[in-house]
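As the structure is a prediction and not an experimental result, all values here were calculated from the model. Atoms considered below: every heavy atom in the structure, side chains included; atoms not considered: hydrogens, waters and symmetry mates. Below, chains carry the letters A, B, ... as their sequence lines are ordered, and counting in each starts from 1.
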Number of protein chains: 2
Amino acid sequence: MLKTTIDMDRAAVVLKLLGDRTRLTMMKILENNDCCVCEFVEIFEASQPSISQHIRKLRDIGLVKEERRGQWIFYSINTENEYYPFVQHVLAQLPSQDHKLKELEEKGTRISCC
Amino acid sequence: MLKTTIDMDRAAVVLKLLGDRTRLTMMKILENNDCCVCEFVEIFEASQPSISQHIRKLRDIGLVKEERRGQWIFYSINTENEYYPFVQHVLAQLPSQDHKLKELEEKGTRISCC
DNA sequence: TGTATATATAAGCAAATCGTTATATACTAA
DNA sequence: TTAGTATATAACGATTTGCTTATATATACA
């Protein structure tokens, strides 16, 4: 059986990153969707730099990856990441946050991009 | 099916608490053992106040409970806590830390208490 | 009672965190 | 090329965190 366990130090680092309302919800949304920054800005009613800085932390340890599509940069879960299985287990315990994206669509407040 | 899901805000609070090397390892050890403060002091080679303060945070949101036995206070996981199922899932992904207790026994450096 | 041990708590400090505003960069379209 | 949009980054400040040292409290035991 090849079971790779995450070591405690790395696990603590990952959990600390997930231990923030905004980042945790971001990750849960990204579980099922690709998103660009502007969507998160709307969902969290936060400033663009604040959102970018949260994403940067997730990206710095490889939890998410980016893909430019024209003017926009879409983020998604990096399933290749060594921590992915661990993160997946944690996220699986949380209630879906997909309704937050749906609300944007319905309100029509979604910016041009998405 | 009665499935109680933890809400995102509370989950983030719990994960933030677990997102510290010392507290995460403490919780993993407590998964299978009751421990008193002096054991943690030895295991983490930390000061007694530092350990007490970490425990206090875990106790404040009810993740652990205490039980005085004479001179000592033993801590254990509070399985009655609303977050317990969530925490259990997280801890289950981590490698056992029981060897840390065993090392204390073998080294004989364990203080009188334990 | 007095002393030792185990633990908790308070106060203070350095570092980390998370927001802000200002600015830089990259792409699109006129 | 110029203007507009999306995003990243830098600089700064307030708050939080996690240690330290000092002290208080509770129990055990002589």
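- Of the candidates D/dC19, C/dT7, C/dA22, the closest approach to any side-chain atom of B/S50 belongs to D/dC19.
- Checked by distance alone, A/Q71 brings no side-chain donor or acceptor within 3.5 Å of a matching partner on the base of C/dT28.
- With hydrogens and angles ignored, a donor-acceptor pair closer than 3.5 Å exists between the side chain of B/Q53 and the base of D/dT20.
- Candidate nucleotides C/dT7, D/dT9, D/dG18 were compared by shortest atom distance to the side chain of A/R56, and D/dT9 ranks first.
- Closest to the side chain of B/P49, from the set C/dT9, C/dT7, D/dT7, is C/dT9.
- Distance CD1 (B/I73) to C1' (D/dT25): 10 Å, rounded to an integer number of Å.
- Whole-Å rounding puts the B/I51 CD1 to D/dT21 C1' distance at 16 Å.
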(message) I'd like to know whether B/M26 forms a side-chain contact (heavy atoms from CB on, under 4.5 Å) with B/H54, so could you lay out the CA-CA distance, the side-chain angles of the two residues, the decisive distance to 0.1 Å, and finally the verdict.
(response) CA-CA 9 Å; B/M26 275 181 174; B/H54 280 301; 4.0 Å; yes

(request) Please lay out, stage by stage, how A/S47 and A/V41 fare under the test side-chain contact (heavy atoms from CB on, under 4.5 Å). (result) CA-CA 6 Å; A/S47 71; A/V41 168; over 6 Å; no

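- In this structure, the CD atom of A/E39 is 9 Å from the P atom of D/dT7, given to the nearest Å.
- Nearest-nucleotide positions on DNA chain D for A/K16 and A/V37 put A/V37 closer to the 5' end.
- Among D/dA6, C/dT9, C/dT20, the nucleotide with an atom closest to any side-chain atom of B/R59 is C/dT9.
- Nearest heavy atoms, B/I29 versus B/C35: CG2-SG, 3.7 Å.
- Looking at which nucleotide of DNA chain C each of A/T22 and B/R68 is closest to, the 5′-most match is held by B/R68.
- When rounded to the nearest whole Å, the span between CD of A/E66 and P of C/dC27 equals 11 Å.
- Contacts of A/R23 with the nucleic acid, taken as non-hydrogen atoms under 4.0 Å apart, involve only primed sugar atoms and P, OP1 or OP2.
- Distance B/E42 CD to C/dT7 C1': 16 Å, rounded to the nearest Å.
- The listed nucleotides are D/dT7, D/dT20, D/dA10; the one nearest the side chain of A/S52 is D/dT7.
- In this structure, B/R69 places its CZ atom 17 Å from C1' of D/dA26, rounding to the nearest Å.
- Here the side chain of A/S47 is nearest to one of C/dT20, D/dC19, D/dG18, namely C/dT20.
- Look at CG on B/D34: it is 13 Å from P on C/dT7, rounded to the nearest Å.
- Two residues are said to be in side-chain contact when any heavy atoms from C-beta on lie closer than 4.5 Å; A/Y84 and A/N78 fail this criterion.
- For the OP1/OP2 pair of D/dT17 and a distance below 4.0 Å, the side-chain nitrogens and oxygens of B/H54 include no atom meeting the criterion.
- When each of C/dC18, D/dT27, C/dT7 is scored by its nearest atom to the side-chain atoms of A/K57, the top-ranked nucleotide is C/dC18.
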(message) Applying side-chain contact (heavy atoms from CB on, under 4.5 Å) to A/V90 and B/L15, what does each step give before you reach the verdict?
(response) CA-CA 9 Å; A/V90 175; B/L15 292 174; 4.0 Å; yes

